[in-house]
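This report refers to the structure that appears directly beneath it.
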Amino acid sequence: MPELPEVETVVRSLEQKLSGLTITAVDLFKPEVIRFPKPDQFIEQITGKQFQKKLGRRGKYLLIHLSDGLTLVIHLRMTGRLIYCEADLPVEKHTHVIFHLDNGKHLRFADTRRFGRLQLAPTAEVSALPGIRDLGPEPLDKEFTREFLKKELRRRRTRIKSLLLDQCFVAGLGNIYADEALFRAKIHPERLAPDLTTREAAGLHKAIIEVIAGGIKHRGTSFRDYVDGEGRAGSFQHHLKVYNREGLPCSHCGRPIERIKVAGRSSYYCPSCQKPK
DNA sequence: ACGTAATCCTGGAGGC
DNA sequence: TGCCTCCAGGATTACG
């Protein structure tokens with residue numbers, strides 16, 4: 001599932017490939033994946049546009065900056081893939097959009113579960129878009145401080161796992177990195193946010209930064225569908241301590257990892273290292 | 001204002 | 001082997 005490290009890896013893998021290329025045509029097989037504007041308008045507006053030198057990212061949103069002050073905003077959700085490839089590569093199942101490029105290659109959007117969305121917006125208005133407007137700080141930015149985290153924990157009466165998944169709290173964490181951060185901080189997912197001690201908050205702050213940085217360093221977690229912009233898998237799945245490891249021994253104490261539901265989401269944790277308190 | 005639950009969608013897993 | 005049911009999961013919406 002593309003979370004911050006996966007989206008960042010896609011950005012980095014596509015940036016140098018797309019820079020300076022122009023979109024010559026668009027095949028739109030599934031119009032419903034376009035969030036805005038209407039499909040025919042989308043095609044009309046994006047055709048002929050040139051990719052800028054830099055791509056961007058905000059939380060889990062991929063920002064593809066184009067000429068004439070336009071930005072293509074993409075959210076991959078669960079199974080979305082954005083692949084730069086040769087035009088003669090067989091079109092994989094669930095390919096919903098193909099951008100034809102002026103070097104003869106393709107940029108393809110494929111998404112098995114069709115949750116992902118593409119949206120075209122003026123670059124200047126991207127930060128005000130619904131979904132982006134209310135995002136919390138980037139976990140690797142300096143504004144995501146220990147003090148900020150502690151203050152938010154006190155303000156929000158909810159379970160810590162739910163809070164970590166709330167993009168308005170901090171942007172980019174999903175189920176995998178949230179569970180991994182909680183394990184590294186030795187905090188049970190059902191603990192109430194305001195109940196965390198200052199020491200625990202500091203540990204969680206450090207753990208969030210470490211797992212996100214680790215995910216980026218290993219080019220993302222290829223648990224099932226995820227690959228980068230060139231179709232390559234990441235390797236952070238080899239460094240996961242709890243996620244998808246139900247019944248397997250904890251790397252720290254050897255006790256079996258357990259799975260519970262928190263706010264409707266699977267949560268993997270070590271019952272020994274992460275006490276409910 | 002806040003929090004939780006249903007919703008979308010398909011492939012894979014598990015039951016029998 | 002095959003059919004059926006269930007489930008994963010991010011963000012939006014709908015509801016309490």
Between A:T71 and A:T123, do the side chains contain a donor N or O and an acceptor N or O under 3.5 Å apart? yes
Can you measure A:K93 atom NZ to B:dG11 atom C1' for me and round it to whole angstrom units? 9 Å
What is the separation between atom CZ on A:F115 and atom P on B:dT10, rounded to the nearest whole Å? 9 Å
Looking at A:S266, does any N or O in its side chain come under 4.0 Å of the phosphate oxygens OP1/OP2 on C:dG9? yes
Is it true that a side-chain atom of A:Q52 and a backbone atom of A:H65 form a donor plus acceptor pair closer than 3.5 Å? no
From CG of A:D179 over to C1' of C:dA8, roughly how many Å is that when rounded to an integer? 13 Å
Over how many whole Å does the gap from A:R81 atom CZ to B:dT10 atom C1' extend? 14 Å
The test is side chain to side chain contact (heavy atoms under 4.5 Å, CB included); show your working for A:H205 and A:F144 and say whether it passes. CA-CA 8 Å; A:H205 176 257; A:F144 180 63; 3.5 Å; yes
A:M78 atom CE is separated from B:dG11 atom C1', nearest whole Å, by 12 Å
Length of the OH-P vector between A:Y177 and C:dG10, whole Å: 12 Å
Rounding to a whole Å, what distance do you find between A:H94:NE2 and B:dG11:C1'? 8 Å
Does the protein touch nucleotides 11-16 of chain C at the base, only the backbone, or not at all? Give it as B, S and - per nucleotide, heavy atoms under 4.0 Å. BS----
Return the set of residues passing salt bridge (Lys or Arg N to Asp or Glu O under 4.0 Å) with A:R113 (not counting sequence neighbours), or none when no residue passes. none
Interatomic distance, A:F169 CZ vs B:dG3 P [rounded to whole Å]: 12 Å
Ignoring hydrogens and geometry, is there a side-chain-to-backbone donor-acceptor pair from A:E6 to A:Y226 under 3.5 Å? no
Any base atoms under 4.0 Å from A:K30, or only sugar-phosphate, or nothing? Heavy atoms, all strands. nothing
With a 4.0 Å limit, can you tell me whether A:T79 has a side-chain N or O closer than that to the phosphate oxygens OP1/OP2 of C:dG9? no
Have A:S67 and A:K49 got a donor and an acceptor in their side chains that come within less than 3.5 Å? no
